[in-house]
Visitor: 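Please see the structure below; I have some questions.
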There are 2 protein chains.
Amino acid sequence: MESLGETIRKRREDKELPLRTVAAYLDIDQAILSKIERGQRNANREQVIKLARFFNINETDLLVSWLSDKLVYEVRNEDMALKALQVAEEKVKYQKIKKL
Amino acid sequence: MESLGETIRKRREDKELPLRTVAAYLDIDQAILSKIERGQRNANREQVIKLARFFNINETDLLVSWLSDKLVYEVRNEDMALKALQVAEEKVKYQKIKKL
DNA sequence: TTCTGTTTTGAATGATTTTGTCAAAAATAC
DNA sequence: GTATTTTTGACAAAATCATTCAAAACAGAA
């Protein structure tokens with residue numbers, strides 16, 4: 001199960017592109033892209049969408065990867081991480097029903 | 001599936017206690033507690049632990065409720081909320097294995 | 001080794017978000 | 001009506017997060 005950072009680094013290295021090139025496309029400093037690839041910084045939604053376009057990745061898939069990274073980050077170091085995620089799932093499912 | 005706020009409001013109303021009393025125990029302004037109960041503010045870990053003690057709720061259960069609220073909040077307004085939570089689960093499970 | 005290009009790091013700065021305080025307004029009870 | 005409780009919003013302080021930049025670290029080639 002790959003993080004967004006791992007995914008785009010692989011893609012970039014496959015194409016043998018320097019950070020500079022991709023960073024320019026995203027209109028961000030290459031230092032930021034370096035950090036995003038290594039999970040030290042979070043991308044924002046706009047950047048994820050641009051990355052999907054740049055690397056021809058399904059946008060929704062990449063957004064899910066990005067969102068799930070954020071969730072994992074939120075429960076890092078928590079003993080009940082898994083339990084919390086499961087309960088959150090239930091809550092979201094329940095909300096959906098309520099909305100109908 | 002109850003939020004932490006709903007849980008503690010119910011408990012407080014059962015005991016017919018004003019916000020003031022519980023807020024004093026937590027050492028916070030009653031305005032904050034009012035917002036926590038209505039989900040407008042996030043409690044912090046320390047407050048959740050104190051709340052569990054105050055209302056005689058299992059601490060872990062309340063922490064899971066709190067954490068899952070935060071997760072739900074993180075994916076509010078997201079179409080792929082559920083998918084992201086499921087992927088996050090997988091990632092957490094996978095991390096666990098890696099750590100062994 | 002030196003040269004060249006790439007990547008990483010961290011300090012400094014700015015921007016944004018969060019947090020708490022307070023008092024007034026609104027709601028509720030008496 | 002008054003008294004009490006709850007909610008709201010403005011504001012300030014604190015904390016967090018994002019960005020820039022330059023220097024350091026790294027990798028490969030000559």
Side-chain angles (χ1 to χ4, degrees), chain A residues 2-51 54-55 62-63 65-78 84 88, chain B residues 2-51 54-55 62-63 65-78 84 88:
Chain A
E2 229 173 39
S3 71
L4 178 137
E6 289 166 346
T7 301
I8 64 175
R9 168 147 294 192
K10 272 191 190 165
R11 298 277 190 140
R12 185 174 63 79
E13 288 175 343
D14 280 352
K15 296 193 171 187
E16 296 186 352
L17 297 173
L19 287 167
R20 180 167 31 84
T21 308
V22 182
Y25 183 83
L26 300 181
D27 195 26
I28 59 174
D29 192 291
Q30 64 170 15
I32 296 177
L33 183 56
S34 168
K35 285 166 188 170
I36 290 173
E37 286 189 349
R38 283 168 306 112
Q40 288 186 7
R41 273 279 184 286
N42 237 39
N44 62 38
R45 178 184 306 270
E46 188 200 347
Q47 290 159 355
V48 175
I49 291 169
K50 281 188 183 171
L51 283 166
F54 188 88
F55 287 118
L62 205 60
L63 282 168
S65 177
W66 166 68
L67 256 183
S68 63
D69 280 354
K70 290 207 294 182
L71 294 172
V72 170
Y73 183 78
E74 185 97 16
V75 295
R76 75 196 179 286
N77 315 328
E78 296 285 353
Chain B
E2 229 173 38
S3 70
L4 177 136
E6 290 166 344
T7 302
I8 64 174
R9 169 147 294 191
K10 271 191 193 168
R11 298 277 190 141
R12 184 173 63 78
E13 289 175 344
D14 280 352
K15 296 193 172 187
E16 296 186 351
L17 297 172
L19 287 168
R20 179 166 30 84
T21 307
V22 181
Y25 183 83
L26 299 181
D27 195 27
I28 59 175
D29 193 290
Q30 64 170 17
I32 295 176
L33 183 56
S34 168
K35 285 166 187 168
I36 290 172
E37 286 188 348
R38 283 168 305 113
Q40 288 185 8
R41 271 282 216 288
N42 238 35
N44 63 37
R45 177 185 308 271
E46 188 199 349
Q47 289 159 354
V48 175
I49 291 169
K50 281 188 183 170
L51 283 166
F54 188 88
F55 288 117
L62 204 60
L63 282 167
S65 177
W66 167 67
L67 257 182
S68 62
D69 280 353
K70 290 207 293 181
L71 294 173
V72 170
Y73 183 80
E74 184 97 18
V75 295
R76 76 197 179 287
N77 314 328
E78 296 285 352

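Here is the naming used below: chain letters follow the sequence lines, and residue numbers restart at 1 for every chain. The basis for the numbers below is simple: all heavy atoms, side chains too, and nothing from hydrogens, waters or symmetry mates. Everything quoted here is computed from the prediction, not taken from an experiment.
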Visitor: Does A:Ser34 put a side-chain nitrogen or oxygen below 4.0 Å from OP1 or OP2 of C:dT7?
Guide: no
Visitor: Starting at atom CD of B:Glu16, determine the distance to atom P of C:dT28, rounded to an integer number of angstrom.
Guide: 16 Å
Visitor: With a distance cut-off below 6.0 Å to the six-membered ring centre and an angular limit of 45° from the axis, does B:Lys15 pair with B:Phe54 as a cation-pi contact?
Guide: yes
Visitor: Could you tell me whether the side chain of B:Glu78 reaches within less than 4.5 Å of the side chain of A:Arg45, counting heavy atoms only?
Guide: yes
Visitor: Is any side-chain heavy atom of A:Arg12 closer than 4.5 Å to one of A:Thr21?
Guide: no
Visitor: How many whole angstroms separate atom CG of A:Leu33 from atom C1' of D:dA18?
Guide: 15 Å
Visitor: Report the distance from atom CG of A:Leu19 to atom P of C:dT8, rounded to the nearest whole Å.
Guide: 6 Å
Visitor: To the nearest Å, give me how far apart CD (A:Glu37) and C1' (C:dT8) are.
Guide: 12 Å
Visitor: Specify the angle, to 10°, made by the local axes at the two ends of the helix from C:dT1-D:dA30 to C:dC30-D:dG1 when five pairs are taken at each end.
Guide: 40°
Visitor: Spell out protein contact along nucleotides 20-30 of chain D as letters: B when the base is contacted, S when just the sugar-phosphate is, - when no protein heavy atom is under 4.0 Å; keep the 5' to 3' order.
Guide: BB---------
Visitor: Salt bridge check, A:Lys50 against A:Glu46: does any charged N sit closer than 4.0 Å to a carboxylate O?
Guide: yes
Visitor: Can you tell me how far apart NZ (B:Lys35) and CG (B:Asn42) are? Round to the nearest 0.5 Å.
Guide: 13.5 Å
Visitor: Give me the residues of residues 38-51 of chain A where at least one heavy atom lies under 4.0 Å from an atom of DNA chain D, by number, or none.
Guide: A:Arg41
Visitor: Just the rounded figure in Å: distance from P of D:dC17 to CD1 of A:Ile36.
Guide: 15 Å
Visitor: Should we count CD of A:Glu16 as having more than 12 external heavy atoms under 6.0 Å?
Guide: no
Visitor: Of the listed nucleotides (D:dT7, C:dT7, C:dT8), which one gets closest to any side-chain atom of B:Arg9?
Guide: D:dT7
Visitor: Given atom CZ of A:Arg20 and atom P of C:dT8, what is their separation to the nearest angstrom?
Guide: 14 Å
Visitor: So, taking the atom named CD1 in A:Ile8 and the one named CG in A:Leu51, what distance separates them when rounded to the nearest 0.5 Å?
Guide: 4.5 Å
Visitor: When the distance from CZ of A:Arg12 to P of C:dG5 is rounded to whole Å, what number comes out?
Guide: 17 Å
Visitor: Can you see which heavy atom on A:Trp66 is nearest to which on A:Leu4, and at what distance?
Guide: CB-CD1, 3.6 Å
Visitor: Could you grab the distance from atom CD1 of B:Ile28 to atom CZ of B:Arg41, nearest 0.5 Å is fine?
Guide: 10.0 Å
Visitor: With no hydrogens and no angle check, just 3.5 Å: does a side-chain donor-acceptor pair link A:Arg11 and A:Thr7?
Guide: no
Visitor: Mind calculating the distance between CD (A:Glu13) and C1' (C:dG5) to the nearest angstrom?
Guide: 15 Å
Visitor: Quick one: does B:Leu17's side chain get under 4.5 Å of B:Tyr25's, heavy atoms only?
Guide: no
